[in-house]
Engineer: 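Quick one: the structure is below, and I'll ask about it shortly.
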Amino acid sequence: MTLGEALARHGIRCAQQDVHRLDEAGRSPLRPDLVLYRKGRPVSVIDTKYVFLRATAPPADHLHQLLAYCTALGLSHGHLVYAATAPGTASTDHVIRRSPVTITAHALNLGEPPAGVLAQIAALAAVTGAHGQARRPAG
C-alpha cells in the first residue's frame with residue numbers, strides 16, 4: 001500500500017510535485033513532494049528526505065523549506081519524512097517561533113519487514129491526514 005492509498009482511506013487526495021507559488025507575483029515556484037487535499041483544499045504538505053534522520057532535530061534548511069511550503073499553501077502543519085536510524089524513532093514536533101506553523105519530523109524504519117513498513121505508512125497516513133487545517137486560502 002502506498003501513502004496515497006492509505007490517505008485515500010481518510011478522504012484525502014495526495015498530489016505529487018504540484019507546482020505552487022511562494023510570492024504573489026508567481027515568480028518563486030515551489031514543488032512540494034506531496035500536497036494533501038481534502039474536498040479540493042490543501043490540508044497538509046509532506047516533504048520526503050532520502051537521508052537518515054540522525055539528530056534530534058532536522059537540518060535547518062529542511063525546516064525552512066517546509067515552512068515556505070506551509071506559508072504558500074496557508075497551512076498550519078507540515079511533515080518531513082526521513083528514513084530511521086533505529087527502530088522506534090519517535091516523531092518530533094517543531095513549533096516555529098512567531099508563526100502558526102508546526103513541522104513534524106517522522107522517521108520510517110525501512111529495515112522492518114514489509115508488513116512493518118506498511119504499518120508505519122498506515123500510521124503516517126493517519127497522523128498526516130488528521131493534521132493541518134488551512135489557516136487562510138492560498139493564493
Side-chain angles (χ1 to χ4, degrees):
M1 171 188 332
T2 67
L3 182 58
E5 291 168 342
L7 286 164
R9 294 178 178 182
H10 297 275
I12 294 174
R13 180 178 65 85
C14 185
Q16 298 178 7
Q17 299 285 311
D18 273 0
V19 177
H20 297 274
R21 306 287 178 201
L22 180 60
D23 63 323
E24 293 293 338
R27 292 187 291 257
S28 295
L30 300 172
R31 191 175 290 234
D33 289 333
L34 301 170
V35 177
L36 312 183
Y37 295 91
R38 182 181 287 129
K39 297 181 182 175
R41 297 188 64 112
V43 293
S44 196
V45 61
I46 299 173
D47 197 46
T48 54
K49 300 297 184 184
Y50 297 95
V51 297
F52 288 108
L53 181 60
R54 297 184 189 280
T56 57
D61 59 326
H62 294 182
L63 293 169
H64 296 164
Q65 182 182 21
L66 205 64
L67 177 59
Y69 294 162
C70 288
T71 300
L73 293 165
L75 299 171
S76 61
H77 207 122
H79 302 270
L80 288 163
V81 179
Y82 295 88
T85 57
T89 303
S91 297
T92 55
D93 286 335
H94 304 275
V95 178
I96 306 303
R97 294 184 67 208
R98 297 186 179 94
S99 168
V101 175
T102 298
I103 297 169
T104 302
H106 307 271
L108 298 179
N109 182 1
L110 302 179
E112 290 272 328
V117 173
L118 292 174
Q120 291 176 77
I121 290 170
L124 179 62
V127 169
T128 57
H131 282 161
Q133 298 300 315
R135 291 188 282 124
R136 59 179 168 74

Engineer: Among residues at least two apart in sequence or on other chains, which ones pass side chain to side chain contact (heavy atoms under 4.5 Å, CB included) with V95?
Structural biologist: T102
Engineer: To check you understand the geometry: which heavy-atom pair defines the closest contact between S44 and H77, and what is its length?
Structural biologist: OG-O, 3.5 Å
Engineer: Listed by chain and number, what are the side chain to side chain contact (heavy atoms under 4.5 Å, CB included) partners of H64, not counting sequence neighbours?
Structural biologist: A60
Engineer: Applying side chain to side chain donor-acceptor pair (under 3.5 Å), name anything that partners S28, two or more places apart in sequence or on another chain.
Structural biologist: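 Residues passing side chain to side chain donor-acceptor pair (under 3.5 Å) with S28: none at all.
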Engineer: Return the CD1 to CG distance between I103 and L80, rounded to the nearest 0.5 Å.
Structural biologist: 6.0 Å
Engineer: Can you tell me how far apart NE2 (H106) and OG1 (T92) are? Round to the nearest 0.5 Å.
Structural biologist: 8.5 Å
Engineer: Name all residues meeting the salt bridge (Lys or Arg N to Asp or Glu O under 4.0 Å) criterion together with D33; count only those two or more places apart in sequence or in a different chain, and write none if there are none.
Structural biologist: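 Counting only residues at least two positions away or on another chain, D33 forms no salt bridge (Lys or Arg N to Asp or Glu O under 4.0 Å).
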Engineer: Got a sec, which residues hit side chain to side chain contact (heavy atoms under 4.5 Å, CB included) with A115, two or more places apart in sequence or on another chain?
Structural biologist: none
Engineer: Using the test ring-ring contact (aromatic ring centres under 6.0 Å, His included), find all partners of H20 that sit at least two apart in sequence or belong to another chain.
Structural biologist: none
Engineer: Check side chain to side chain contact (heavy atoms under 4.5 Å, CB included) between R97 and all other residues, then give those that pass, not counting sequence neighbours.
Structural biologist: none
Engineer: When rounded to the nearest 0.5 angstrom, what is the spacing between CG in L66 and CG in L75?
Structural biologist: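 It comes to 9.0 Å.
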Engineer: In chain order, what residues pass the side chain to side chain donor-acceptor pair (under 3.5 Å) check against Q65, with sequence neighbours excluded?
Structural biologist: K49, Y69
Engineer: Apply side chain to side chain donor-acceptor pair (under 3.5 Å) to D18 and list each qualifying residue two or more places apart in sequence or on a separate chain.
Structural biologist: Y37
